[in-house]
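Before any comments, here is the structure.
Note that the structure is a prediction, hence the values are computed from the model and not measured. Ligands are counted one by one from 1 in listed order, and the atoms in each one are counted from 1 as well.
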Amino acid sequence: MPERINVNGVLGPPEAAAVSPLDRGFLYGDSVYETIRTYGGRPFLLRQHLDRLRRSAGRLDIPYDRAPVDIEREILRTLVDAGSPETAIRVVLTRGPGPIGYDPETCGPPTVVVYARPCPEIPAAWLREGVDVAVVQVRRNSPSALDPAIKSSNLLNNFLAWQEARRLGAYEPVLLNAGEHLTEGATSNVFVVRSERLLTPTLEEGLLEGITRGAVLDLARHDGIETAEEALTADDLRRADEAFLTSTLKGVLPIRRCDGWPIRHGRPGAITRRILALFEEFAQAETKTGSAPGSILR
Ligand code: PDD
């Protein structure tokens with residue numbers, strides 16, 4: 001299954017891809033990104049991902065409109081070229097190369113990298129039984145520092161949390177903020193079910209406004225499930241009736257245990273299973289147009 005990398009419109013195998021060592025993305029993590037996946041070969045919620053990429057770039061004054069290529073077109077071109085049944089795309093927009101120093105006037109134009117690889121599969125057992133998470137000591141960045149709402153490629157804080165979770169034998173860390181409230185996972189948002197209500201931390205707690213999170217909230221509301229965005233603690237998660245993670249690559253992924261505490265006897269509950277089914281149905285419907293994958297190229 002081929003992996004393809006597109007750097008500023010030059011498309012080829014990963015071995016042939018190159019970005020300057022003076023690129024600010026490399027030097028400072030001065031870049032933003034999106035992870036997009038296909039269902040049935042077609043990109044899922046591409047518009048929302050492109051809008052968020054533009055918003056993230058805007059928050060950092062990375063000039064999206066000065067990108068040397070049309071980002072949407074390059075995503076579609078790379079997708080078609082990769083030709084996998086289901087593709088995971090990472091699109092990275094950096095401030096571009098420039099001399100050492102922070103002055104943004106001296107660098108650019110931005111660099112656009114699109115990386116296409118076969119979509120990693122979620123093992124059926126994880127969907128059936130759930131995964132283990134750990135509430136870690138590493139705190140989520142404060143929104144008054146590098147705001148987690150910006151999907152930046154400056155990911156060391158997420159990496160530190162991930163590493164701590166792995167040491168604890170958990171699949172995904174859940175990070176608290178400085179006020180001891182739940183925020184999100186290292187690469188996912190988190191939901192709990194309590195007394196038949198579906199709860200997730202508010203954006204004000206300092207987290208990424210996940211596109212899967214938004215879809216799940218909408219689907220649940222339409223289905224008549226009571227939802228709320230509110231402040232939650234680690235104990236709310238440990239004692240939840242049900243809990244799950246959401247992300248582009250994980251979809252809706254049930255949580256089996258938190259810090260070793262079984263969530264609902266360690267089996268995904270009825271609301272989680274309902275959300276899983278609704279989300280799968282929505283993803284299929286959103287991406288189904290009856291035409292061949294190549295036709296996404298206008
Ligand atoms: N991660 N929170 C964080 C910190 C994330 O990195 C992600 C996504 C999410 C979920 O967002 P969405 O539903 O829009 O994918 C929440 C992607 C998948 C990644 O890092 O590759």
Side-chain angles (χ1 to χ4, degrees), residues 3 25 29 31-39 43-56 59 75 86-93 113-122 131 133 135-136 138-143 145-165 171-177 181-191 200-220 229 232 237 243-253 255 275-276 278-280 282-283 286-287:
E3 295 194 355
S31 86
V32 292
Y33 80 105
E34 281 295 321
T35 297
I36 304 161
R37 66 154 292 174
T38 62
Y39 286 91
F44 178 51
L45 303 179
L46 179 59
R47 178 57 39 215
Q48 285 90 324
H49 284 284
L50 288 172
D51 287 349
R52 189 171 62 184
L53 186 67
R54 184 183 277 279
R55 280 201 307 277
S56 295
R59 291 282 307 274
I75 290 172
E86 298 296 4
T87 307
I89 294 266
R90 190 177 187 98
V91 50
V92 182
L93 175 70
V113 176
V114 182
Y115 170 37
R117 64 188 166 116
C119 202
E121 261 189 49
I122 298 290
V131 293
V133 302
V135 177
V136 293
V138 174
R139 291 293 186 264
R140 193 69 178 108
N141 310 53
S142 158
L146 178 58
D147 188 346
I150 303 170
K151 197 160 170 62
S152 100
S153 312
N154 201 316
L155 289 167
L156 273 182
N157 198 67
N158 306 49
F159 169 70
L160 290 174
W162 181 90
Q163 217 178 16
E164 190 182 335
Y171 165 78
E172 177 82 337
V174 175
L175 290 87
L176 303 174
N177 59 21
H181 287 159
L182 294 182
T183 62
E184 59 182 339
T187 64
S188 59
N189 291 114
V190 61
F191 284 79
T200 195
T202 61
L203 299 178
E204 286 67 41
E205 299 289 357
L207 51 115
L208 184 73
E209 185 172 5
I211 289 169
T212 320
R213 172 186 183 276
V216 161
L217 284 172
D218 284 348
L219 289 166
E229 294 167 68
L232 296 166
L237 176 56
F244 57 86
L245 302 170
T246 62
S247 90
T248 296
L249 295 180
K250 295 176 179 62
V252 175
L253 191 54
I255 296 175
I275 297 286
L276 246 165
L278 288 171
F279 184 75
E280 188 60 26
F282 171 66
E286 268 293 304
T287 47

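For a threshold of 3.5 Å applied to N or O pairs, the pair formed by R52 and ligand 1 contains at least one separation below that value. Between E184 and ligand 1, a contact under 3.5 Å exists for at least one N or O pair.
Listed for the D147 side chain is no donor-acceptor partner under 3.5 Å among the backbone atoms of G206. Under the 3.5 Å distance criterion, the side-chain polar atoms of T212 are left unmatched by any main-chain donor or acceptor of T246.
Regarding atom 20 (O) of ligand 1, its nearest protein heavy-atom neighbour is Y33 OH, 2.8 Å. Atom 21 (O) of ligand 1 has T35 OG1, 2.6 Å as its closest protein atom, hydrogens excluded (heavy atom only). In terms of protein heavy-atom proximity, atom 14 (O) of ligand 1 is nearest to I211 N, 2.8 Å. Nearest protein neighbour of atom 11 (O) of ligand 1, counting heavy atoms only, is G210 CA, 3.5 Å. The protein heavy atom nearest to atom 15 (O) of ligand 1 is T248 OG1, 2.5 Å. The shortest contact between atom 10 (C) of ligand 1 and any protein heavy atom is with N189 OD1, 3.7 Å. Nearest to atom 13 (O) of ligand 1 among the protein's heavy atoms is T212 OG1, 2.6 Å. Distance from atom 8 (C) of ligand 1 to its nearest protein heavy atom, with residue and atom name: K151 NZ, 3.4 Å.
Note: F244 and F191 have parallel aromatic rings, judged against thresholds of 30 and 60 degrees for the angle between ring planes.
Across all their heavy atoms, A186 and L175 have their closest contact at N-CD1, 3.9 Å.
Those atoms of ligand 1 with a heavy atom of L208 less than 4.0 angstrom away are 2 (N), 3 (C), 5 (C), 7 (C), 9 (C), 11 (O), 16 (C). With ligand atoms numbered from 1 in the order given, ligand 1 contributes 10 (C), 13 (O), 15 (O) to contacts under 4.0 Å with heavy atoms of S247. Remark: ligand 1 atoms within the under-4.0 Å shell around heavy atoms of N158 are 4 (C).
Side chains of R213 and V216 form no contact here, defined as non-hydrogen atoms less than 4.5 Å apart. Looking only at side-chain heavy atoms (C-beta outward), E164 and W162 stay at 4.5 Å or farther from each other. Side-chain contact between L155 and Y33 is present, with at least one heavy-atom pair separated by less than 4.5 Å. Residues T287 and T38 fail the side-chain proximity criterion, which asks for heavy atoms closer than 4.5 Å.
Look at K151 and E34 and you find no salt bridge, because none of the NZ, NE, NH1 or NH2 atoms lies under 4.0 Å from a carboxylate O. Taking the charged nitrogens against the carboxylate oxygens, R140 and E184 do have a contact shorter than 4.0 Å, which makes a salt bridge.
Under 4.0 Å from ligand 1, the heavy atoms of S188 that appear belong solely to its backbone.
Using a non-hydrogen distance threshold of 4.0 Å, A186 registers as a contact of ligand 1.
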